[in-house]
A.B. asks: 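I'd like to ask some things about the structure below.
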Amino acid sequence: MASSDPRVAIARRDLASLSREKTIVLALLIQLFVAAFSSFLVVGLTSLYDPGASASGRVEVGVTGEANESLLRAIEETDSAEATVYRSNATAFQGFQNGAVDAVMIATRQPDSRISIQATAPEGSIRTTLVVVQLREVLQTFERQQRNAREAFLETPPVPLPGEVSASPYFGFTYTILLPLLLFLPPFISGSVAVDAITEEIERGTLDLLRVAPLDLVDIVDGKAAAMAALAPVQALLWIVLLSFNGINVSNVPLLLVTVGAMASIVVVVGVTLGLVMGERRSAQLLYSIGVLGLFASAVFLPEHPATTVAKLAVDSATTTTYVLVVVYVAVAVGLYGLARRYTRGLDVESL
Amino acid sequence: MNPRKLLRIARWEITKNAGGVDRRTVVVGALALLAVGVAAPYAATSGVTVDSGIYRAGVTNSSDYYPVVAEDPTFAVREPSAALGQDIDLRFDGLAIDGAPTSKAAAAQTELRSSVRAYNNRQMRQEENQSAAFPVQVSLGYAERTQVREVISTSAGQDSTGGEGSANGTQGGGNGTDGEPTARNGTDGTVSGGGGENIGDAASSAGGVGGIAGRLAGGNASGTPADISPPFPFQSLVLAFLFVLPLNFIIQAYGSTMLSERLKRRGELLLVAPVSRFDIIGGKTLPYLSAAVGIAAVIAAALELPAVDPVSVGISVLAVTPIALLFLGATFVGAMFARSFKELTFVTVTVTVSLTTYAFVPAIFTDAGAIALISPLTIIVRNLQGQAIGLGEIAFSLVPPLLTAGVLFTLGAGIYREEDMFTQRSIPLKTLDALAARVRGKWTVGLTTALLIPFVLVAELLGVAVLYMLTLVFPIEISVPMVLVVVVVIEEAAKSLHVYAGYTHRRFGSGLRPALVIGTFSGLGFFLAEKLSLIIQLVGLPQQLPSSQALFATGTGLPTIPLAIGLLLAPLALHVVTAAISAVGASRNKRAYATALVVAMAIHFVYNYAVVSISGLI
């Protein structure tokens, strides 16, 4: 063996077994699938919602009722809606039924000077969502116009609405959902595999064989943990590179990798310790997945959720809190590792 | 199968493995769950948002926009004198807004629009004169359009592609055309920016479990324009998580138990006992299935908490059962195949991810009723919405996953034997073992092909579901052939893989004639089973989306073609011919099999394409 450090040998042996089984390929495929699916979900939903995204975004609205003129102005101001004026409600609904219009709006004046709109959208159609979104857009514009007309009766006038700009509808999703998902999935899987790496040796009884070699239990555990913890930042880097190929710029890459590394170390230490304590896969894995879920959920009590930390780093909006938290994660990782090491040292191997 | 023996093994499984092990597990697990339980309401009430502080706005408190930006957690307030583009994304100067020339600033400006709207609505609620503050009252209702046939848009937007008449199967719940112009009906006081614009809304709506069933039922919208929200699938997403999440923990334990049978030949004791392997598998699975069903029942009951209706809880449980079986079946096969613990972990994650995706289908296709029914979760959603659910819909939704789970268990049982459990065989060899265990002669070949139909169905439907979105993006000339390719590959593999497995295990005689006979039976089995599934499909779904019409084009022929006899004979001939070709290839060797399979796929594709073209889909 080229290396003198037994821990490196152990780590290399574990990584080799992963690549021999080709399971690491499966793991990457899963992550690719998750990424593809969540993007598909959002892109799909947005294309159903966002008028610009699909070709037939324009919604024809049949307008009728006594207050239709003011409503027409609101529809005019909305790019994605077109108005057709009908004389009566009956003809409007006829137009709705034969498909001339996608929706009907009946505008009537109320005694208290309000305007009441009765809107009808097609039921159970593929376009229902799109139509309703457009109707809401029209109605909100209408409300704003009417409010401005009644400004004299209001104590504080409404804040003016800033103009529309064309922006990617996926921007927020990419940085706040997709990227954290891609960065946290590798640590989660690493921890789970770390549980396996320990329990498998115990359950198969091969730990005794390892102990015959000139190795400490601490070295064995160290090597296994290091292999798994190191795998996560590598995968994270892979994702970041892949995202930047797709034109998504990720800032603060070194800090992100440090964060992912710290997270991976924390969950791997948790996993390894659970494996040693439980000594069998079933309860250790069960506790691991519930425990990590609990950790992730209780992270809401932090000033900033780890997902937000990652998002803020990646989108280059980091604050002092963000940097402090990264340091805290690293400190926690180191601290937990120290504790786990002490526990392992005090462990009687015969009892496993 | 002997129920008494099965129950005894189930009891062993509970006492030996699940029960006595240790209380530490239970205690620590309960503590972790408690942490989740404490954190979730906190996250829901304090409005923890993942996107907090991602946009930086330079604004002083003299600006009109200051309160807007300060109250929206998505924005971080900075000094306006900071460098635009580097330290801040938007700069406010009075009413003028300066944005950096980045995509981030553009996204921030879009976000600002919805924040302004939400802020204005909040401000207006404080106003004395409510009729001036909310001058528009809206009531939104839904109506069916019987005369309009839905046109799935292509880039041209106008060419009629047949397709779904406005879904008569889906009775959209709670259509509130009650045009009462009363003040806001105050369903919940926290209308933030009018539903669904903020990612944070997802988190906050995920919290209040108790209210979910109620919110699902109240689909009507009346109030101010901001109260209107499109029929958004959030509830389906939340439900998918609620019902699917416990299954993930259950399969963790289940996979470990099954794999641990294979360690140190532990399972040998049971294998040599006077019980069948189905007793063993059934007995070991039963406790986990009961746990899954029990948890589902508790969740379903909790969702309707004020007034629990046993019938509707029963329907929810009925719908969860196939999903649970599918999870367990896939994990079982995974545990039989896995070579190590690590591999089982990856398999478990794969099962989790892919089946959760499957459960999510209704969330994506809520509006397209027929496609959404692929996932049994749709039944649960509709059940909670108080809609009537037809038997046909239940059959369409539940039978394919149920059969698929059955096939998975059967395949896994094929390698629940000494030779495969305790040795390190390669995965392709094990696959062939699992398939070969089912085939003995021409009849069993036909039967196995028929058994694989649910697999084929689920795989094809999933493929169609994924490709369905492409019909929105690509013109139909490209998307339909893509669907056809998926269909052809899946069907031809299903018709021939076990035939090849049988040949590698020397189950059939060599020579051309036996190969042709076996191929014929395989094609026949496929044809019959497909016809059977077609009946379910016709009962459940009178109207189909164009892409799924393409999918079933092989079997059905489209009703527009008048040659009734030809309709029945042509697909039969096709299936028999292609299956025979690949069977002949399989009888020689691996390479011949691969070549023959490609030839069979090509023939199948040409046939399908011709049918689709004749029927005028393209």
Side-chain angles (χ1 to χ4, degrees), chain A residues 21 23 26-27 30 37 44 55-56 97-99 110 112-126 128-129 132-133 136 139-140 142-143 146 150 153-154 158-159 161-162 165 167 171-172 176 192-193 196 200 203 281-283 285-287 290-291 294 297-298 300 307 315 317, chain B residues 25 28-29 32 35-36 39 43 48 50-52 54 56 64 97 103 106-107 109-110 112 116 120 127 129 131-132 135-145 147-148 153 155 157 166-167 170 172 179 181 225 228 230 252-253 256 263 341-343 345-346 349-350 353 357 364 367-368 469:
Chain A
E21 283 174 355
T23 38
L26 187 62
I30 295 165
F37 180 72
S56 59
Q97 283 296 343
N98 65 28
Q110 296 295 312
D112 61 352
S113 87
R114 288 184 187 183
I115 295 173
S116 145
I117 305 275
Q118 220 179 304
T120 308
E123 176 177 0
S125 143
I126 303 168
T128 302
T129 312
V132 174
V133 168
R136 189 176 67 188
L139 287 166
Q140 285 186 328
F142 187 44
E143 186 180 46
Q146 291 299 316
R150 289 165 173 76
F153 303 102
L154 295 173
V159 177
L161 192 67
V165 280
F171 187 88
T176 59
S192 199
V193 175
D196 294 336
E200 182 153 39
E203 281 203 54
R281 181 182 192 268
R282 204 174 49 139
S283 39
Q285 279 289 9
L286 202 62
L287 278 186
I290 298 179
S298 41
V300 295
V315 83
S317 292
Chain B
T25 316
V28 181
V36 180
V48 172
V50 278
D51 54 355
S52 73
I54 61 167
R56 298 159 304 174
D64 274 350
I97 302 166
S103 54
Q109 250 167 305
T110 310
L112 181 69
V116 167
N120 277 340
E127 286 284 336
N129 187 342
S131 68
V136 178
Q137 289 296 331
V138 185
S139 68
L140 174 67
Y142 297 94
E144 254 180 60
R145 294 202 284 188
Q147 302 168 22
V148 180
S153 71
S155 49
S166 51
T170 53
I228 287 185
Q252 282 276 9
S256 297
L263 295 178
F341 279 8
K342 288 175 215 141
E343 198 166 55
T345 291
F346 290 117
V349 176
T350 315
V353 168
T357 312
I364 314 165
D367 293 339
M469 272 300 156

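Computed from a prediction, not measured in an experiment: that's the story for all the values here. So you know, we letter chains A, B, ... as the sequences are listed, proteins then strands, and number each from 1.
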A.B. asks: Looking at Val193(A), Leu286(A), Leu161(A), which has the largest count of heavy-atom pairs under 4.5 Å with chain B?
C.D. replies: Leu161(A)
A.B. asks: Taking side-chain hydrogen bond (donor to acceptor under 3.5 Å, both in side chains) as the definition, give me every residue that meets it alongside Asn129(B), ordered by chain and number, with sequence neighbours left out.
C.D. replies: Ser131(B)
A.B. asks: Relative to chain B, which of Gln146(A), Glu200(A), Gln285(A) shows the most heavy atom pairs under 4.5 Å?
C.D. replies: Glu200(A)
A.B. asks: Regarding Arg136(A) and Gln140(A), is there a side-chain donor-to-acceptor distance under 3.5 Å anywhere?
C.D. replies: no
A.B. asks: Less than 4.5 Å apart, side chain to side chain, heavy atoms only: is that true for Phe346(B) and Asp196(A)?
C.D. replies: no
A.B. asks: Quick one: of Pro162(A), Ser298(A), Pro158(A), Ser192(A), who has the most non-hydrogen atom pairs under 4.5 Å with chain B?
C.D. replies: Pro162(A)
A.B. asks: Under the rule for side-chain hydrogen bond (donor to acceptor under 3.5 Å, both in side chains), what residues qualify as partners of Ser256(B), not counting sequence neighbours?
C.D. replies: Arg281(A)
